[in-house]
Amino acid sequence: RMLDEEGLDNVLRRHARHGEATRAAVRAWGLEMVPENPSEYSNSLTAVFTPENHSADRLRQVILEEFDMSLGTGLGKLAGKVFRIGHLGDFNDLTLLGTLAGVEMGLACAGVPHRPGGVRAAMDYLAEPVVSPAGAKERIAQPAPGPSGWGSPAMAASVAWPPSTLVVAEVQTGGASASDEFVEIA
C-alpha cells in the first residue's frame with residue numbers, strides 16, 4: 001500500500017536522498033564508511049567504521065541504553081568494527097535526523113573520537129533543492145509518520161522555486177483539512 005501511494009520512483013529517490021544525507025553526516029563526523037568505493041554505496045543502509053580501539057558493539061550498546069535506539073551490527077569480519085544505520089521504508093527527513101542525532105550523541109557518550117556537526121551536514125543536504133524528473137527544482141514532500149504509515153493523515157508540503165512561495169498540498173489533522181493554499185513568504 002505504501003509503495004502504491006508514494007510510487008516506486010519516488011521511493012527510490014527518497015532512499016537515495018536519505019542515503020546521501022546519512023553519508024554527509026558520516027563524512028562530517030570524520031568516520032569511514034563501508035564500502036570505500038562511493039559507486040558501491042547502499043541507499044538502504046550505511047555501514048560506518050568506528051576508529052581503531054573503539055568497539056562498534058559497545059557504541060551500539062551505549063546508544064541502545066541511553067537513547068533506546070537500535071543500530072545494526074557489523075557482520076562476519078566486520079563484527080565489532082562497524083555499525084549500520086538503516087534509512088529505508090516508512091522513513092522521512094525528521095526520522096532520519098532523529099536517528100543521526102542519536103548516533104552523534106551516542107558517539108559522544110561512548111567516547112568515540114569524532115567531529116561534531118554530522119546532523120547539521122545532513123540537515124544542510126536535505127535543505128538543498130532537488131531536480132525533479134521534469135527538471136524543475138523543488139523540495140520533496142515528506143509525509144509525517146503515523147500509526148498507519150504513509151497512508152495516515154499528514155501534512156505534505158513542497159517549496160516551489162524560487163523559495164519565496166510555500167505551496168501546501170494537503171493539511172489534515174483531527175478531521176480538519178485544507179488544501180491548495182498558497183502563502184507568500186516575505
Side-chain angles (χ1 to χ4, degrees), residues 1-3 5-131 139-140 142-147 149-150:
R1 181 175 153 194
M2 282 176 26
L3 188 59
E5 290 176 9
E6 187 176 0
L8 181 59
D9 289 342
N10 290 331
V11 169
L12 296 175
R13 274 193 294 277
R14 178 171 47 84
H15 287 170
R17 188 165 169 268
H18 287 162
E20 189 51 43
T22 302
R23 292 185 289 272
V26 174
R27 285 189 289 272
W29 292 326
L31 300 177
E32 295 181 30
M33 290 173 270
V34 181
E36 292 178 11
N37 183 347
S39 70
E40 297 173 354
Y41 288 152
S42 169
N43 288 329
S44 58
L45 69 88
T46 300
V48 184
F49 277 106
T50 50
E52 196 170 322
N53 298 321
H54 291 273
S55 168
D57 290 338
R58 182 178 173 279
L59 170 65
R60 291 176 49 254
Q61 187 64 37
V62 167
I63 291 171
L64 181 62
E65 290 172 2
E66 295 296 320
F67 307 110
D68 196 27
M69 185 174 82
S70 180
L71 297 173
T73 186
L75 304 173
K77 64 183 178 182
L78 297 177
K81 298 178 182 180
V82 303
F83 62 93
R84 296 179 299 144
I85 303 169
H87 37 78
L88 74 157
D90 188 8
F91 213 73
N92 64 25
D93 290 3
L94 186 57
T95 306
L96 176 63
L97 293 172
T99 300
L100 296 174
V103 173
E104 190 161 333
M105 292 187 304
L107 290 166
C109 287
V112 175
H114 69 287
R115 294 188 307 255
V119 175
R120 171 79 270 78
M123 288 174 59
D124 290 346
Y125 178 82
L126 293 170
E128 293 175 10
V130 296
V131 178
R139 303 251 190 238
I140 295 177
Q142 295 285 320
W150 283 91

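Residue numbers count from 1 along this sequence. What you see is a predicted model, and the numbers here were worked out from it, not measured in a lab. Only heavy atoms go into these numbers, but all of them, side chains included; no hydrogens, no water, no symmetry mates.
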Minimum side-chain heavy-atom gap Asp93-Arg17 below 4.5 Å: yes
Closest heavy-atom pair and its distance - Ala25, Leu100: CB-CD1, 4.0 Å
Close side-chain approach of Leu59 and Leu107, heavy atoms under 4.5 Å: yes
From Leu12 atom CG to Asn43 atom CG, the distance as rounded to the nearest 0.5 Å: 8.5 Å
Under 3.5 Å donor-acceptor, Glu104 side chain and Val119 backbone: yes
Rounded distance [0.5 Å steps], OH in Tyr125 versus NE2 in His18: 9.5 Å
N/O donor-acceptor pair under 3.5 Å between Glu32 side chain and Phe49 backbone: no
Non-hydrogen side-chain atoms of Leu71 and Val48 separated by less than 4.5 Å: no
Test item: Arg23 side-chain N/O and Thr46 main-chain N/O as donor-acceptor pair under 3.5 Å: no
Side-chain donor or acceptor of His87 paired with backbone N/O of Ala16 under 3.5 Å: no
Reported CD1-to-OG1 distance for the pair Ile85 and Thr99, which is rounded to 0.5 angstrom: 8.0 Å
Pair listing, side chain to side chain donor-acceptor pair (under 3.5 Å) test, anchored in residues 67-83, at least two apart: Asp57-Thr73
CD on Glu20 to CD on Glu128, rounded to 0.5 Å: 9.5 Å
Taking every non-hydrogen atom, the tightest pair across Phe67 and Cys109: CZ-SG, 4.0 Å
Test item: Arg84 side-chain N/O and Ala47 main-chain N/O as donor-acceptor pair under 3.5 Å: no
Minimum heavy-atom distance Ala122-Leu97, with the two atoms named: CB-CD2, 3.9 Å
Close side-chain approach of Trp29 to Val103, heavy-atom, < 4.5 Å: yes
Where Ala21 and Leu96 come nearest, the two heavy atoms and their spacing: CB-CD2, 3.8 Å
Approximate separation, where rounding is to 0.5 Å, of Ser42 OG and His15 NE2: 10.0 Å
SB check Arg120 Asp124 (cutoff 4.0 Å): yes
Reference residue Val62; test side chain to side chain contact (heavy atoms under 4.5 Å, CB included); the match among Glu65, Arg60, Arg58: Arg58
Heavy-atom side-chain contact between Arg14 and Asn10 under 4.5 Å: no
Nearest heavy-atom neighbours spanning Pro113 and Pro51: O-CG, 3.7 Å
